[in-house]
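All chains are named by letter (A, B, ...) in the order of the sequence lines, taking the proteins before the strands, and each is independently numbered beginning at 1.
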There are 2 protein chains.
Amino acid sequence: MNEPAYGDGPRPRGDTRARIRQVALELFAEQGYEQTSLREIAERLGVTKAALYYHFKSKEDIVAAFTEDYGAEIDALIAWAAAQPRTTQARRELLDRYIGIVMGSSEVFRFLERNQAAVKGLEGGKRRFEQFRPRLEALVQILVGQQAPLRERVRATAALTAASMSCMFFMKDADDPEELRAIVLELASGLVDVPTPQLS
Amino acid sequence: MNEPAYGDGPRPRGDTRARIRQVALELFAEQGYEQTSLREIAERLGVTKAALYYHFKSKEDIVAAFTEDYGAEIDALIAWAAAQPRTTQARRELLDRYIGIVMGSSEVFRFLERNQAAVKGLEGGKRRFEQFRPRLEALVQILVGQQAPLRERVRATAALTAASMSCMFFMKDADDPEELRAIVLELASGLVDVPTPQLS
DNA sequence: GTCTATAGACGGATAGAC
DNA sequence: GTCTATCCGTCTATAGAC
């Protein structure tokens, strides 16, 4: 998922595509997709706009380069989870894997979070960019079932969104990612698997 | 907060500014700020672009028209909460009021959520558009204190974000808003005020 | 693979008539 | 208050030389 780090010497040719993807992700996540022009990306890399078009056929395609991996990971998780028995143990495992994916791709997640409107408008010609909602709903359905009462659906949705948001907010300055992960998992599990707390 | 509803007759003149604000909010929330041109807003209202500029001095100013009210509500909540004792009861009351604000302005919240990148880039000349983060952090600090351990800060953050997200997701097709509100409040309260569940 | 140069489109904003 | 007409900037994307 991460690019190898190089020293100060001349960068090896052939990784240009990867470097474009990386710089674009950083800028898109930080400033926004619409707020970042290809000129800016090119300048940051010390090349020209036209060079970018040698590696990617459009601005949109750069986004696809880093979101498709993330989407595939979530889809794989959904496929795996759908085949599990609906037990407390399996739900916990699902949440743990989900948190792992989000923490592992936290910058992609940040990008998606802060550019929902922009991503949604990206030529869904083949529905390439249906990132958020359908996948969230699929996971909720697996966690509590389709006909679950409102309370259970709300809590499952909250568990997933809270987990992702927490990773986003605290990953940056977390000195111990494992501690954060444990906290988030406990929090999310508690939301889906505490049947009737019944506090006033 | 809502505009009065009129029949089929000719609309009363003088509410044009309010109608612009309303239509803009709908389009900005649905399609995105950058994805919505002033031409589109004008067309939807049956006027021209230039007319919009009579009522608002810029596109950015239209956004300010509906976000400033929302921001003021949150700021008032922060001021109120800062003066409360730090008790379980007060925390619950804070969350309840927060949920009330979000549910009452759920479309504004949707807009802010889906256009974070765009809003951030909006000429923060006077920091008019610092909507999300600082206010969230202020509320977290009031809920658990500044020096609270990571776990408490994460859970308080999760309580607030989960509450807002849940309102956003479920307000649309909730036949009973009060039921939703109770569910969300219970969920959020449980996150900030269950000391050591210690399940494993 | 990377460059220069430019096409082609669209958006925000303004001037001035009515 | 609303219109027509237009300015000016920026952006994506492409053509063609090296």
Side-chain angles (χ1 to χ4, degrees), chain A residues 3 6 10-25 27-28 30-67 115 117-125 128-129, chain B residues 3 6 10-25 27-28 30-67 115 117-125 128-129:
Chain A
E3 297 309 313
Y6 296 104
R11 288 177 177 276
R13 301 301 154 201
D15 69 340
T16 307
R17 189 185 156 95
R19 288 171 57 221
I20 294 171
R21 196 186 54 204
Q22 177 59 26
V23 168
L25 173 55
L27 290 173
F28 290 165
E30 182 56 35
Q31 314 176 332
Y33 176 77
E34 299 284 353
Q35 288 70 33
T36 304
S37 67
L38 294 180
R39 180 187 53 72
E40 193 172 359
I41 295 170
E43 266 173 17
R44 176 80 65 106
L45 285 164
V47 296
T48 59
K49 261 197 308 178
L52 304 186
Y53 278 95
Y54 175 80
H55 296 279
F56 295 93
K57 85 175 221 301
S58 70
K59 186 182 184 183
E60 184 173 327
D61 261 41
I62 303 179
V63 172
F66 54 75
T67 55
N115 292 276
V119 170
K120 186 178 175 184
L122 280 191
E123 258 306 326
R128 272 202 303 181
F129 294 104
Chain B
E3 298 307 316
Y6 296 105
R11 288 178 174 274
R13 301 302 153 199
D15 69 342
T16 308
R17 188 185 156 94
R19 287 171 58 222
I20 294 171
R21 196 187 54 205
Q22 177 59 27
V23 167
L25 173 55
L27 290 173
F28 290 166
E30 182 56 35
Q31 314 176 333
Y33 176 76
E34 298 284 353
Q35 288 71 32
T36 305
S37 67
L38 294 177
R39 180 187 51 74
E40 193 172 359
I41 296 170
E43 266 173 19
R44 175 81 66 107
L45 285 165
V47 298
T48 61
K49 260 198 307 180
L52 304 186
Y53 277 95
Y54 175 80
H55 297 278
F56 295 92
K57 85 176 219 302
S58 69
K59 188 182 184 185
E60 183 172 328
D61 261 40
I62 303 178
V63 172
F66 53 75
T67 56
N115 292 277
V119 170
K120 187 178 176 184
L122 281 190
E123 257 309 325
R128 272 201 305 179
F129 293 104

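Here the CZ-CG distance, from B/Phe66 to B/Leu25, works out to 4.5 Å after rounding to the nearest 0.5 Å.
Separating the CG atom of A/Leu45 from the P atom of C/dG1 is a distance of 15 Å, rounded to the nearest angstrom. Rounded to an integer number of Å, the gap from B/Glu123 CD to C/dA13 P is 10 Å. Nucleotide C/dT4 holds its P atom 13 Å from the CG atom of A/Leu52, rounded to whole Å. As a whole-Å value, the separation of B/Leu27 CG from C/dG11 P is 13 Å. Put simply, CZ on B/Phe56 is 16 Å from C1' on D/dT2, counting in whole angstrom units. As a whole-Å value, the separation of A/Leu38 CG from D/dT10 C1' is 12 Å. Rounded to a whole Å, the CD atom of A/Glu43 is 17 Å from the P atom of C/dT2. Taking atom CD on A/Glu60 and atom C1' on D/dT12, their separation rounds to 12 Å, with Å as the unit.
Along DNA chain D, the nucleotide nearest to A/Gln35 and the one nearest to B/Val47 differ in position, and the one closer to the 5' end is contacted by B/Val47. Where A/Ala50 and A/Glu34 each meet DNA chain D at their nearest nucleotide, the meeting point lying more 5' is that of A/Glu34.
Among all heavy-atom pairs drawn from A/Thr36 and A/Leu27, the shortest one is OG1-O, 3.5 Å.
For C/dT2, the OP1/OP2 oxygens have a side-chain nitrogen or oxygen of A/Thr16 closer than 4.0 Å. Of the side-chain N and O atoms in A/Thr48, none sit less than 4.0 angstrom from OP1 or OP2 of C/dT2. OP1 or OP2 of D/dG1 sits under 4.0 Å from a side-chain N or O of B/Tyr54. Between A/Tyr53 and the phosphate of D/dA13, there is a side-chain N or O to OP1/OP2 separation shorter than 4.0 Å. The side chain of A/Arg39 contributes an N or O atom lying less than 4.0 Å from OP1 or OP2 of D/dC11.
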### Query
Please walk me through it: do B/Ile20 and B/Arg44 pass side-chain contact (heavy atoms from CB on, under 4.5 Å)?
CA-CA 9 Å; B/Ile20 294 171; B/Arg44 175 81 66 107; over 6 Å; no

#### Entry: B/Gln31 vs B/Glu40, side-chain contact (heavy atoms from CB on, under 4.5 Å): CA-CA, chis, key distance, verdict
CA-CA 11 Å; B/Gln31 314 176 333; B/Glu40 193 172 359; 3.1 Å; yes

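For B/His55, taking side-chain heavy atoms from C-beta onward, the closest of the listed nucleotides D/dG1, D/dT12, C/dG12 is D/dG1.
For the pair B/Lys59 and B/Tyr33, the cation sits on the ring face: its NZ or CZ lies under 6.0 Å from the ring centre, inside 45° of the axis.
Counting atom types as modelled, B/Lys49 pairs a side-chain N or O with a base atom of C/dG12 as donor and acceptor under 3.5 Å.
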